[in-house]
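Here the structure is laid out as structure tokens; the discussion comes afterwards.
Within every chain, numbering begins at 1; the chains are lettered A, B, ... in the order of the sequence lines, protein sequences first and strands thereafter.
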Amino acid sequence: MKNQLRLLRTERGWSQAALAERLGVSRQSVNAIETGKYDPSLPLAFAIARLFELKIEEIFEDETEAPDALAAE
Amino acid sequence: MSQRYEFKEARRRYNRIAGPLMAAYAVLCLSGSALWAFFDVEFKLVSAILALTICLPIVAVLLAKLRYFEETDEYTRLRQLRAFARAGAVTVSAVFIVGFLQLFELVGQVPVFLFGPLFFLVYGLATCTDRWFGKAA
């Protein structure tokens with residue numbers, strides 16, 4: 001899943017450790033999310049969105065294709 | 001599973017208990033073995049108490065680790081549990097392989113003690129390799 005986390009973080013001049021501290025997770029977690037190695041759970045994604053005062057979909061981009069039934073609607 | 005503690009607090013809680021327990025294990029291991037060897041403990045009950053007392057810190061460390069898995073952040077939990085599972089799979093496989101080799105008298109007696117360090121070795125290596133090469137989700 002693509003995301004804008006690195007961009008948002010650097011815009012605010014925060015280090016990965018500083019962002020991790022704000023979110024209450026490890027620095028490795030922030031790095032893994034930024035590099036796309038790990039997709040966060042919904043609660044963590046909401047926490048990130050709240051911190052940056054954005055909607056989840058403004059930070060995370062879903063790359064999976066919609067199932068046919070949904071795409072047809 | 002929701003995050004009960006912030007990552008740093010969870011790690012602090014683990015380190016606070018794991019450090020002293022490992023130190024206790026080292027002391028008990030040395031003193032217990034010395035007692036058993038030098039004083040020629042005759043009673044099986046005393047030997048059993050001695051052996052089980054030495055094991056207690058290791059059991060407590062494993063329980064502390066399980067608590068850490070529950071308390072830490074989701075990414076750390078995923079990595080740690082994955083490494084723990086791999087170590088468990090390798091160790092149990094080794095127990096079965098060596099066990100059957102012994103049963104068919106193809107190898108001599110292998111000390112059971114070796115399987116504990118094997119577990120922790122694979123656990124440590126799996127944690128590192130996951131961090132270096134793995135995509136965690």
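- Within a 6.0 Å radius of CD in Glu57(A), other residues, nucleotides and ligands contribute more than 12 heavy atoms.
- Note on Tyr14(B) and Leu81(B): same hydrophobic cluster, where clusters join Ile, Leu, Val, Met, Phe, Trp and Tyr whose side-chain heavy atoms are under 4.5 Å apart, directly or indirectly.
- Side-chain heavy atoms closer than 4.5 Å link hydrophobic residues (I, L, V, M, F, W, Y) into clusters, and following such links, even through other members, never connects Val27(B) to Leu21(B).
- Here the closest heavy-atom approach between residue Tyr38(A) and residue Leu78(B) is recorded as CE1-CD2, 3.8 Å.
- In this structure, the separation between CD on Glu21(A) and NZ on Lys8(B) is 4.0 Å, given to the nearest 0.5 Å.
- Here Asp73(B) contributes atom CG and Gln28(A) contributes atom CD; the two are 8.5 Å apart, rounded to the nearest 0.5 Å.
- Side-chain contact between Ser29(A) and Glu74(B): absent, with no pair of heavy atoms (C-beta onward) separated by less than 4.5 Å.
- In this structure the side chain of Leu44(A) never reaches within 4.5 angstrom of the side chain of Tyr75(B), judged on heavy atoms.
- Using a 4.5 Å cut-off between side-chain heavy atoms of Ile, Leu, Val, Met, Phe, Trp and Tyr, with links allowed through other members, Phe120(B) and Leu66(B) fall into the same hydrophobic cluster.
- The environment of CD in Glu105(B) is sparse: at most 12 heavy-atom neighbours from other residues, nucleotides or ligands sit within 6.0 Å.
- Atom-to-atom distance recorded for Ser26(A):OG and Arg79(B):CZ is 6.5 Å, nearest 0.5 angstrom.
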